[in-house]
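Below is one structure, written out as structure tokens; comments come after it.
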Number of protein chains: 2
Amino acid sequence: MPSSGIRITDAYEQQRDEVRRSLPSLLAGNRRRAISKALGDLYAEDQAEILSELTPEQRETALRFLGERLLPEALTHFEPSLLLEVVSCLAKSRFASMLTSLQTDDLVELFELLPLDKRRKAMDLLVPRTRLLVKQGLGYSEDSAGRLMRREIASVPEHWSVGQVIDYFRARRSGFSDSVQTREAFYTIILVSSGFRPIGTVQVSRLLGATRTTLVSAITDQEMHLVDADMHTDKVANLFHKYGLVELPVVDVNGRLCGSITADDVVEVIEERNEEDIFNLAGVSSHDFYADIGRVLLSRVPWLSLNLITAFLASSVVAKFSTAIEQLVALAVLMPIVASMGGNAGTQTLAVTVRSLALQRITGRNVRRLVGKECLISVISGLFFATLTGVGALLWFDDAALAVVIVVAMSCNIILGGFVGVCMPISLQRLDQDPAVGSSILLTTCTDIFGFFSFLGLAAWILL
Amino acid sequence: MPSSGIRITDAYEQQRDEVRRSLPSLLAGNRRRAISKALGDLYAEDQAEILSELTPEQRETALRFLGERLLPEALTHFEPSLLLEVVSCLAKSRFASMLTSLQTDDLVELFELLPLDKRRKAMDLLVPRTRLLVKQGLGYSEDSAGRLMRREIASVPEHWSVGQVIDYFRARRSGFSDSVQTREAFYTIILVSSGFRPIGTVQVSRLLGATRTTLVSAITDQEMHLVDADMHTDKVANLFHKYGLVELPVVDVNGRLCGSITADDVVEVIEERNEEDIFNLAGVSSHDFYADIGRVLLSRVPWLSLNLITAFLASSVVAKFSTAIEQLVALAVLMPIVASMGGNAGTQTLAVTVRSLALQRITGRNVRRLVGKECLISVISGLFFATLTGVGALLWFDDAALAVVIVVAMSCNIILGGFVGVCMPISLQRLDQDPAVGSSILLTTCTDIFGFFSFLGLAAWILL
């Protein structure tokens, strides 16, 4: 465990980077004690990060030398591809003791990454009550509030006074070991009725300032949000973002309090969702920073394959107009401009729409307004850039008819790009599909095919 | 203010959507009381959201009818383009009273959006102490921890006992009005030395469970992070993400405690940074959901203009090979495939690199490994897709030499795309530039120009 007391972030990071730098040579020298001290003094997150950067052999040695000083929380910070390897390096008894000092939300996160057989074995290492809670947690669907919440809740009966609450927590605490105390931080106390239904929340800091005789029900927060355990975590994340929440109670299907989600878990959900959106728009299925090259290729090849197919499709459109190109080679020169501008304008609209959908800014009422606005923007920028391009083409090739053809084709293509960019993600979402997956390839397929077809088709019809 | 007590999120959202739906007709009927009740019962965030969706005339009427029931926090939830309009609808006395019930971090956020003259006037409405704190906050550079932190801190001398802390907060509280109590939530108490230097933190919930005689210094957290006021907010956000923080104390240049950042503010920073990355990769400078069409066009036209210029550049490469195309029109048919595959493979690498940079996963040590890995991936997928394309071209045009040309050109172009995709954002970052801004256009410029040049050039050299 890190030496207690204050850790100025800059100084700590220097220490960590020094460990990162010196570790390979310490490992080469088999310096057991130095390694145990160096890695053992770091936070769990950095232990996991630095161990992840090693080769499998180095990692195995480092884990052996580190021994008991590998923090339990470190387990939850390995990328899925490494977790199993790390777990199999641990002695069973050590793994068991690490599991007992994790909170239920961390345990659920950890167990969902383990393959089924390993999961069953690890489950046997838990005490029955925790095992039940973890099993219940895993019973909720992936990406639901139920998976994200922790089961350790600070709840008290609604009729208690501040003094009773304080006495209750003092008595409860004395039964716990020190390590549990530290991690069992909560920010809100939830008032429950006799049926364990939440009826209000009190900020712990507010409780601290109230007199002992005050009824907790008299100092409840004026805002209280409450969600069902089956709410999607994206929606949970948007609630935290929108309302600036720090803790959010969760109820089961019967309306009974069953858990609580804190802001630190939500930060992770938000980063994951954003990563997904960025990667989906760029045609990467998933990304695991420490994955080997085979896995990385697997996450990218499908989209490149799809792109290859659509590129051949677009080329087949060009092939239809071979004769026109032979007669007027300027068509081959200018056609990439038409396709590219349509694709780029559409990508802008697509990114804005995907983002608005992710933040649930698009409601039934303003969807028509958004579509209208984006289409109008496409029309204006389509006409503007098409005219500019037309002037360019005229100066370059001194062919007025060709300039007219490119103006018409490009403005139509930019307008199409904008239309597809806004409508496709909205439609995908309505069909319960992820609006970001595949949409950028579909979009450029549309603008490439239509761009080539409209430009070459018009040219063949008008010019030749 | 919302009617107090519990608000099940689903039920509340139905109520809010009903308000959103019915508001235009209530406004048309000038139903002052119904509007005041409907909007007044909503949370600040939804008041701002629904008001934002109205036309300026409707908004002015709604604000007038809403009067005192517009929550002070709502001011911090308007997009910049609307804030000034809303403020100018408010009576000066009302605006002043709203300002006094905001916390310093909200005030700083609000003031930075006001134009300078309006800012000066609004500053005069604050009490001197708050004015000083807000001015100090605005004195920190944009996107720094100092701008983000709030100045209201819960700090106590290191030698106090739990009982003394509780008594202190009880005594302090009695001097505050109810509304201040509610918002002044804190999650951590910071122990300071006589020089106001932070020397440890205690979770409020932990304090609650300790006996009165316990020294607070005996129950400090084992992890404590502490940052300088001039740290960039992106770095702050990464600390919250990595270490699962809920509150982070901030010190000034002299090491004295000067503020504190909470997870709810960080969620906003993270969403903004991610939005920027998504938009930058798609070539959108900034996005304001409620901005008028003129502003939206301004945020997109620069990138489209740059794209037009680069598209003409790429076309000029094609033009150089007009003779080759006239002789073998299959070149015009196949050249978009070469360019497109290079661009897409590069975009995948680019997205992964930009994301890794944003999360500060790339350290000095692993940058070479990352570049090597991405280049290797490009080589493998380049050879694979180029061969596939070669086979396709052979089947289509029955020309072995043409197939060889496309295999060579495309594999080189995909490798180039991967290389540029990983090296360009890293170089931009080293030059202190945003690695996402402009990089996708620069990338496709490279792959378009090189794709056309290598394919047509090789073809002209070998085939003709």
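Below, chain A is the first sequence line, B the second, and so on; all start at residue 1. Bear in mind that the values here come from a model prediction, so they are computed numbers and not experimental data.
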Max heavy-atom pair count under 4.5 Å with chain A, selected residue of [options]:
options	answer
B:A339, B:A237, B:A393, B:S316	B:S316
B:V266, B:L281, B:L239	B:L239
B:I270, B:L388, B:T201	B:I270
B:I337, B:V318, B:V204, B:T347	B:I337
B:E326, B:E45, B:R21	B:E45
B:V301, B:T323, B:N366	B:V301

Q.
Please check: side-chain N/O of A:Q348 versus main-chain N/O of B:V284, any donor-acceptor pairing under 3.5 Å?
A. no
Q) Does A:G209 offer a backbone N or O that forms a donor-acceptor pair with the side chain of B:R170 under 3.5 Å? A) no
Proximal component of [X], with respect to chain B [non-hydrogen, under 4.5 Å]:
X	value
A:L350	neither
A:T444	neither
A:L376	side chain
A:R212	both
A:I380	side chain
A:T310	neither
A:F321	neither
A:L191	neither
A:L297	side chain
A:N344	both

Q: Check whether more than 12 heavy atoms from other residues, nucleotides or ligands sit under 6.0 Å from atom NZ of B:K320, and answer yes or no.
A: no
When you compare the side chains of [X] and [Y], does any donor N or O come within less than 3.5 Å of an acceptor on the partner?
X	Y	result
B:N238	B:Y243	no
A:D17	A:Y12	no
B:D265	B:T262	yes
B:S340	A:D448	no

Q) Heavy-atom distance under 4.5 Å to chain A: side chain of B:A314, backbone, both or neither? A) neither
Q) Is chain A contacted by the side chain of B:L331, its backbone, both, or neither, given a heavy-atom distance below 4.5 Å? A) neither
Quick check on the interface: out of [options], who has the most heavy-atom pairs with chain B under 4.5 Å?
options	answer
A:N307, A:I278, A:V165, A:I441	A:N307
A:I293, A:V267, A:L245, A:V333	A:V333
A:A263, A:S305, A:G343	A:S305
A:I189, A:I325, A:T349, A:V246	A:V246
A:P249, A:A330, A:A311	A:A311
A:T389, A:D277, A:L334	A:T389

Q: Using the test salt bridge (Lys or Arg N to Asp or Glu O under 4.0 Å), find all partners of A:E271 that sit at least two apart in sequence or belong to another chain.
A: B:R273, B:R355
Answer yes when [X] and [Y] have at least one side-chain N-carboxylate O distance shorter than 4.0 Å, and no when they do not.
X	Y	result
B:D46	A:K242	yes
A:R369	B:E53	no
B:R361	A:E49	no
A:R300	B:E374	yes

Q | Over all atoms of both residues, closest heavy-atom pair of A:G392 and B:F312 | A | CA-CZ, 4.2 Å
**Q.** side-chain contact (heavy atoms from CB on, under 4.5 Å) between A:Y187 and A:S205, intermediate numbers included
**A.** CA-CA 8 Å; A:Y187 315 105; A:S205 57; over 6 Å; no
